[in-house]
Amino acid sequence: EAILREMIEADDSDLWALGELTLVRERAGDFKEVYSLLVRQAELTLEADKVKAVRHRAAEVAKDKLADDAAAIELYDTIFEDDPDDKKAADALRQLYAKTGRHKDLLSLLSRLVDMADSPAARSTLRLESAQICLEKLDSVAEATEHLRAILDEEPGDAKATELLAQLYEKTGRDDDLANLFSQQIDLAKERSDVASELSYSVKLGEVYEVRLNDTKKAIDTYLSVLERDAKHKGALFALARLYEHRNEKPEAAKMLETYLGEVSGDEAVKTALRLADLYGTLKDEAATRKALERGL
């Protein structure tokens, strides 16, 4: 070590001596000097690949050994600016920006990565992360909505983006937009013959008409369209029973509950049987009331 220091004192650009001293100090656990020596080597090295490798080592030391996130970010940022395809630097920056609360810098980085991504799926993943940061860290609903809309513009059937965008529309009271979103997803599900998604979104659309837009007729029509595709769809049956009962159309409500009762079990079946018995009781149908209670038992 003494000889190496003498060599560096005689020629502070001696890369070999700097590299050897770095190894010696690393074995000694002196990571503060290791970091300084690596930074010095990066300044003196001419070959781009070697410069990048040394900077990576220095950034890892700053991050893992010195807990100096600011120094690590500065180095990784330099690496990324010189080579935007460096995935290791990009991933490290994403982690460090999140850890240090630099959410706007993280959004800026993700935006650049979106521009560089080579597939719709990769872009969607990055945009989804951006939307979640806007919502969870910055409370920026408008910007989050833009990211989610961009996902659906490129991948219209993305389930996660649809789910988050629906939540945003609910939160901001954009009920017509919410209904349009579900209608679009229903059409897309039909195109790809995805019956499960089609019916799921149809039920959600019915709930929008029922609860948020107060359009009972459209809600009933929407739920009935579900039953046309699946006569035993529990969500549609239960919703129709509730709507018919609310409209005092008790025979229709009882019919829906009868079918629903055949699809459930346990506590849910008992509750449904009691509710059905009450309905038949108001309709003065003793036989049907007794039958519903027997099924409950």
### Query
What are the two closest heavy atoms between Arg123 and Ala117, and how far apart are they?
NH1-O, 2.9 Å
### Message
Under a 3.5 Å distance rule, please check whether Thr100 uses its side chain to pair with a backbone N or O of Leu96 as donor and acceptor.
### Response
yes
### Query
Just by modelled atom types, is the Thr222 backbone N or O under 3.5 Å from a matching donor or acceptor in the Ser225 side chain?
yes
### Task
Check whether any side-chain heavy atom of Asp194 sits under 4.5 Å from a side-chain heavy atom of Glu198, and report yes or no.
no
### Query
Does the side chain of Asp176 reach to within under 4.5 Å of the side chain of Leu213, using non-hydrogen atoms?
yes
### Task
Output yes when a side-chain donor or acceptor of Tyr97 lies under 3.5 Å from a complementary backbone atom of Ala92, and no otherwise.
no
### Query
So, does Glu26 use its side chain to make a donor-acceptor pair with the main chain of Leu21 at under 3.5 Å?
no
### Message
Heavy-atom count check: over 12 atoms from other residues, nucleotides or ligands less than 6.0 Å from Asp49 CG?
### Response
no
### Pair Lys99 + Asp69: basic N to acidic O under 4.0 Å
yes
### Task
Specify the closest pair of heavy atoms between Ala131 and Ala144, including all atoms of both residues, with the distance to one decimal.
O-CB, 3.7 Å
#### Entry: Spatial distance of atom CG (Leu164) from atom CG (Leu135) [nearest 0.5 Å]
6.5 Å
## Note on the structure
In this structure, CG of Asp177 is separated from CZ of Arg149 (nearest 0.5 Å) by 8.0 Å
### Query
With the threshold set at 4.0 Å, does a side-chain nitrogen-carboxylate oxygen contact exist between Lys250 and Glu245?
no
#### Entry: Which atom of Gly173 lies closest to which atom of Arg212, heavy atoms considered
CA-NH2, 4.1 Å
### Task
With the side chain counted from C-beta on, respond yes when Cys134 and Val141 share a heavy-atom pair under 4.5 Å apart, and no when they do not.
no
### Message
Any non-hydrogen side-chain atom of Glu20 less than 4.5 Å from a side-chain atom of Leu23?
### Response
yes
#### Entry: Reference residue Leu181; test side-chain contact (heavy atoms from CB on, under 4.5 Å); the match among Leu148, Leu165, Leu168
Leu165
### Task
Check the surroundings of atom CG in Asp11: do more than 12 heavy atoms from other residues, nucleotides or ligands lie under 6.0 Å from it?
yes
#### Entry: Arg55 side chain reached by Gln41 side chain, heavy atoms, under 4.5 Å
no
### Where Glu155 and Ala121 come nearest, the two heavy atoms and their spacing
OE1-CA, 3.8 Å
### Message
With salt bridge (Lys or Arg N to Asp or Glu O under 4.0 Å) as the test, pick out the partner of Arg242 among Glu210, Glu249, Glu252.
### Response
Glu210
### Query
Does CD in Glu9 sit with more than 12 non-hydrogen atoms of other residues, nucleotides or ligands closer than 6.0 Å?
no
### Side-chain heavy-atom pair Thr216, Arg247 within 4.5 angstrom cut-off
yes
### Query
Going by the side-chain hydrogen bond (donor to acceptor under 3.5 Å, both in side chains) test, which pairs reach into residues 277-287, not counting sequence neighbours?
Glu258-Tyr280
### Query
Salt bridge check: are Arg25 and Glu33 linked by an N-O gap of less than 4.0 Å?
yes
### Message
If the test is side-chain hydrogen bond (donor to acceptor under 3.5 Å, both in side chains), which one of Lys232, Lys255, His233, Glu268 qualifies with Tyr260?
### Response
Glu268
### Task
In plain terms, say whether Glu81 and Lys52 are close enough for a salt bridge, that is, a side-chain N and a carboxylate O under 4.0 Å apart.
no
### Query
Can a cation-pi geometry be assigned to Arg57 and Tyr76, taking NZ or CZ under 6.0 Å from the six-membered ring centre and within 45° of the ring axis?
no
